[in-house]
Every structure is written in C-alpha cells, then in structure tokens.
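First comes the structure, then the notes that go with it.
Everything numeric here is computed off the predicted structure, so don't read it as measured data. Sequence positions, counted from 1, serve as the residue numbers for this chain. We count ligands from 1, going down the list as the structure has it; atoms in each ligand are counted the same way.
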Amino acid sequence: MEKDVFCKIIDGEIPAHVVYEDNDVIAILDISQVTKGHTLVIPKKHYDTFLATPNEIMHKVMDVAQKIGQVMIDRLHAKGVNILTNCYEAAGQTVPHFHVHVIPRYEHGDGFILEMKNNAEDINLPALCNSIKTNL
Ligand code: 5GP
C-alpha cells in the first residue's frame, strides 16, 4: 500500500514546518492555512482515523492539540480555536491518517466556515438516544 502524505512527512521524505515533535506525536503547519496558524497534530504511528487510534496515543495527540490551542490564544492573539478531526471521506477526511486540526479563529469572516444547523425536525430523539446509549 502506498504511504500517505503524513507518513512521508514523518519519515522525512517530504518537508514540513514542524512546530512540535516527540516520540509519538508530530505537529506541523497545514499546507493550506485556513486561518493563520492552522496546525495538524498527528500520531507518528499510522492509524486511519481517530476512531481507530488506541486511547493512549489519542490522548497524547489531544494533549498536544490542547497546548497548541492555548499558544494560539496566548501568543497568536487568536480570539478562539476550532479543534476537529474528520473521520472517513464522508466527513471530509482527505488524508487517511489520524490527525487533529487546530484552527485559530480571529474574527467572524476569518475564512473558516463551520455551520452546524438544527436538522432535528423529523428525528425521533428518544429512539435515537436509546440506540446510541444501549450500544456504548
Ligand atoms: P483532512 O481533509 O483529511 O481532514 O485534512 C488533511 C489536511 O492535510 C488538509 O487540511 C490539507 O491541507 C493538509 N495537507 C495535505 N497535504 C499536505 C502536505 O503535503 N503538507 C502539509 N503540511 N499539509 C498537507
């Protein structure tokens, strides 16, 4: 199977702007800066998605994402931060290697649009709640 782009960066085959690195995690500036400072936090070992990542590694990735988010507020003068991970193509994942986006927000209209509308009109919320709850 061909290596994904993040495995190539981790193996030093493609350059990247590395803002953080330890034995398990690397954080790089996203090549497409949705807003100034947009960073990706990535486990060095390959897992396809957040959902497939062991807890211990997932926690290490989230610890780094939290620190970077704090730096964006404290040092980059961001007014907010979106922290998100896309799982599978249907959710917008384009690189099949777990990564967390840390996207600093500066003001409304800063270029990043995250729209979460209420689509619940035809949804049976008690039944939906039950079908999730009973499978956890
Ligand atoms: P996804 O769409 O999978 O949630 O996010 C993948 C991200 O990886 C995108 O935001 C995209 O800009 C970024 N990306 C893709 N190729 C490269 C690359 O070669 N270098 C860096 N730094 N980021 C990349």
Side-chain angles (χ1 to χ4, degrees):
M1 206 172 78
E2 217 215 312
K3 271 188 196 175
D4 65 80
V5 69
F6 297 156
C7 280
K8 288 181 184 170
I9 288 170
I10 289 156
D11 290 347
E13 294 166 20
I14 295 180
H17 295 283
V18 177
V19 301
Y20 176 84
E21 185 168 14
D22 63 27
N23 286 340
D24 301 304
V25 178
I26 189 169
I28 61 172
L29 292 182
D30 196 303
I31 203 162
S32 305
Q33 292 281 289
V34 167
T35 63
K36 190 176 97 184
H38 179 185
T39 298
L40 303 170
V41 189
I42 307 165
K44 286 188 172 174
K45 189 157 180 214
H46 179 102
Y47 300 100
D48 286 350
T49 69
F50 166 81
L51 300 176
T53 303
N55 277 11
E56 189 195 346
I57 297 293
M58 185 263 290
H59 291 154
K60 287 180 175 175
V61 168
M62 295 311 288
D63 280 349
V64 175
Q66 184 188 48
K67 283 199 188 97
I68 291 170
Q70 289 164 347
V71 167
M72 285 168 177
I73 299 286
D74 294 343
R75 303 285 173 196
L76 285 193
H77 309 297
K79 298 282 183 255
V81 183
N82 289 104
I83 295 184
L84 64 94
T85 182
N86 299 322
C87 299
Y88 302 113
E89 261 180 60
Q93 185 177 11
T94 58
V95 178
H97 181 140
F98 169 43
H99 53 283
V100 172
H101 294 260
V102 184
I103 303 173
R105 304 302 303 275
Y106 299 98
E107 56 193 328
H108 287 297
D110 62 7
F112 181 56
I113 298 163
L114 181 68
E115 192 178 22
M116 292 204 241
K117 295 187 296 190
N118 177 21
N119 292 307
E121 271 172 33
D122 296 332
I123 298 174
N124 180 338
L125 292 180
L128 175 62
C129 181
N130 206 41
S131 67
I132 297 171
K133 188 161 62 178
T134 54
N135 286 291
L136 288 176

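- Residue Lys3 places its NZ atom among more than 12 non-hydrogen atoms of other residues, nucleotides or ligands, all under 6.0 Å distant.
- The CD1 atom of Ile57 sits 5.0 Å away from the OH atom of Tyr47 when rounded to the nearest 0.5 Å.
- Atom CG of Asn55 sits about 12.5 Å away from atom NZ of Lys60, to the nearest 0.5 Å.
- In this structure, Ile123 places its CD1 atom where more than 12 heavy-atom neighbours from other residues, nucleotides or ligands lie under 6.0 Å away.
- Within a 6.0 Å sphere centred on OH of Tyr88, other residues, nucleotides and ligands contribute 12 heavy atoms or fewer.
- Pairs engaging residues 39-54 under the salt bridge (charged side-chain N to carboxylate O under 4.0 Å, His left out) rule: Glu21-Lys44 [sequence neighbours left out].
- Within 4.0 Å of ligand 1, heavy atoms belong to protein residues Val5, Phe6, Ile9, Ile28, Leu29, Asp30, Ile31, Ser32, Leu40, Asn86, Gly92, Gln93, Thr94, Val95, His99, His101.
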